[in-house]
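If you scroll down you'll find the structure; I have some questions about it.
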Amino acid sequence: MINAMLRREWLLLWRRPQDMLQPITLLLLLILVFPMALDLTQFSLPSLGWPVLLNAVLLSLLLGMEQLFAEDQRTGYLDQVRMSYGLYAYVLIKLVCHWLRVWLPLVVVLPLVIFFYQMPLSALPVLLLALSLASAAVVVFAAFAAALTLGLARAGMLMALLVLPLLVPVLVFAAATGQAVLMVEPWQGAILWLAAITCLAWSLLPWAISSVLELANH
Amino acid sequence: MPFDSLAEFWSMGGHGFYVWTVVLFFALLLVLNLVSPSFITRRIKARLKRQQQLQQRR
Amino acid sequence: MWQWFHKWGSAKWFYQASAAWSRVFGYFALLFLTLGLVWGFVFAPADYQMNHNYRIMYLHVPSAMLAQITYLLIAILGLVNLVWKIKITPILARAVLPFGASCVLLALLSGAFWGRPTWGTYWIWDARLTSTLFLFFLYMGLWACYSLLPASMGRNSAYKAAAIVAIVGSVNIPIIKFSVEWWNTLHQPASIRLTQRPAMPASMYLPLFASIIGFYCLMVYLMLKRARLLLLEDELHKAWVKEVEPKLVGGS
């Protein structure tokens with residue numbers, strides 16, 4: 001059953017690569033346009049790169065996320081899964097696949113950000129780890145909002161309202177990690193908090209998501 | 001009693017603007033909270049009226 | 001005891017009993033708010049550092065407290081709804097929400113107007129101010145859930161979904177607070193602790209306590225008042241409504 005679900009997600013990815021490319025294009029453009037708004041004699045690019053990237057990740061991952069379960073509901077797949085295996089496994093697999101789908105492009109984007117914002121390359125490993133944790137948390141919170149707004153006409157606004165306040169701690173600790181790394185200070189504390197929040201979110205929210213989906217399809 | 005005159009009370013030692021704005025805002029929110037239940041009553045009445053009209057047409 | 005518990009399942013019983021409670025709490029709110037605010041704004045002595053400006057405290061502290069307590073109450077009501085499926089709890093949660101949102105607004109505005117003469121600026125990105133701001137967005141999100149979700153998933157499911165949102169939010173509130181504190185702290189430490197005597201003379205903190213009690217009573221009063229009407233709206237076609245409100249629903 002897990003194999004079948006994974007295979008399905010894999011096929012969906014290749015049928016519609018735009019799902020994967022859309023957020024990442026937005027992300028890249030946001031990051032590259034941002035310096036145009038700055039007077040580069042007054043702001044230091046290296047210290048701006050990481051916060052800008054984090055905010056852009058937040059926005060671009062939210063974009064289109066309301067479609068996460070919509071397709072499966074339209075085709076009746078969600079109902080089928082609910083009747084047969086239960087929704088929890090489905091939600092977990094969906095989340096992991098979606099996270100991989102956004103994480104892979106992020107791996108490509110991060111070195112570009114480091115390059116364009118003149119950040120030291122030595123920061124890459126820690127930043128990559130922090131970015132992975134932060135994006136995982138964003139995905140699971142956004143999926144929660146997507147489950148709630150399933151079937152609503154204009155879900156985007158409500159999703160942002162529901163998700164962004166909840167993501168404040170993720171943003172704070174991810175940003176603090178990057179700042180510490182760039183200042184060559186101890187960064188372990190911040191990233192451990194970030195990891196703790198991501199773990200908490202991944203252990204509790206999939207359950208909440210599947211119960212909301214259960215309610216929505218009752 | 002900390003105030004000697006009414007004028008002193010209004011001025012709040014020079015901070016009158018801040019203190020009274022907050023009090024005014026509190027009063028505004030209080031009135032809004034007290035009045036807003038009547039919106040629900042109005043909604044209920046409108047709904048009942050609509051249903052009655054529908055029934056009469058039938 | 002179980003009989004007492006079961007009564008909460010009856011909408012009719014709640015509707016009839018809450019009329020008297022709401023009146024009692026309304027009078028108590030009036031009494032304590034008048035007492036606390038008149039005492040605080042007129043008779044309490046001026047603070048030697050902050051002059052008369054500190055009087056904003058008599059609105060700021062209760063509203064900031066109630067803003068958090070109300071969200072917690074909504075989450076607890078949500079939990080009770082999910083576990084015991086008591087019909088009245090989601091309606092109570094929905095009814096108390098506007099009061100909580102108003103409290104956040106009042107706390108933010110009074111904080112800004114207290115901060116301006118004290119710190120020289122209306123807004124600072126301080127931990128408590130910032131987390132209160134995000135609390136406001138949590139309220140707005142919850143409000144949007146109550147008003148939009150019934151269209152997509154039906155009323156009872158929407159109530160349960162909103163309960164889940166409130167619980168997720170209330171788990172997050174301490175984390176948000178902690179993270180924002182970690183990010184920046186400028187604010188003076190809390191001036192009132194329940195476990196120790198406050199660092200204020202009795203003539204200052206007694207009116208504050210009266211005002212806090214007044215806010216609590218106001219919360220219960222407004223919650224019950226709204227909940228009765230929301231219950232009526234939700235159950236408009238049940239037989240008990242015709243029985244207790246014949247004038248409103250009355251036949252022709």
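In what follows, every heavy atom counts, from backbone to side chain, and hydrogens, waters and symmetry copies are set aside. Per chain, numbering begins at 1; letters A, B, ... match sequence-line order.
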Proximity breakdown for A/Ala190 and chain C, heavy-atom pairs closer than 4.5 Å: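 Interface part for A/Ala190: both.
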
Gap separating the CD1 atom of C/Ile164 from the CD1 atom of A/Ile209, nearest 0.5 angstrom: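 Nearest 0.5 Å value for the CD1-CD1 distance: 10.5 Å.
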
Of the non-hydrogen atoms in C/Leu148 and A/Leu152, which two are nearest, and what is the gap between them?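 Closest approach of C/Leu148 to A/Leu152: O-CD2, 3.6 Å.
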
Would you indicate whether the side-chain heavy atoms of C/Val165 and A/Phe144 approach each other to under 4.5 Å?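 Touching, per the 4.5 Å side-chain cut-off.
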
pair C/Ser152-A/Thr149: side-chain heavy atoms closer than 4.5 Å: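 Answer no - side chains too far apart.
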
Here's a test for you: under side chain to side chain contact (heavy atoms under 4.5 Å, CB included), which of A/Leu194, A/Val168, A/Leu171 qualifies with C/Ser179?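 Answer to the side chain to side chain contact (heavy atoms under 4.5 Å, CB included) test with C/Ser179 among A/Leu194, A/Val168, A/Leu171: A/Val168.
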
Identify which of A/Leu150, A/Leu205, A/Leu161, A/Leu164 forms the greatest number of heavy-atom pairs closer than 4.5 Å to chain C.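 Ranked by contacts with chain C, first place is A/Leu161.
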
Full working for side-chain contact (heavy atoms from CB on, under 4.5 Å) between C/Cys145 and A/Leu162: CA-CA 9 Å; C/Cys145 283; A/Leu162 285 171; 4.0 Å; yes

Using side-chain heavy atoms (C-beta onward) and a distance below 4.5 Å, is C/Phe134 in contact with A/Leu166?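 A side-chain contact is absent here, since even the closest heavy-atom pair is not under 4.5 Å.
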
For A/Ile197, is it the side chain, the backbone, both, or neither that has a heavy atom closer than 4.5 Å to a heavy atom of chain C?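 For A/Ile197, the side chain is the part near chain C, not the backbone.
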
Taking 4.5 Å as the heavy-atom cut-off, does anything in residues 221-235 of chain C contact chain A, and if so which residues?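 Within residues 221-235 of chain C, no residue comes under 4.5 Å from chain A.
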
Looking at side-chain heavy atoms only, is the closest gap between C/Ile175 and A/Trp193 below 4.5 Å?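 A side-chain contact under 4.5 Å is absent here.
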
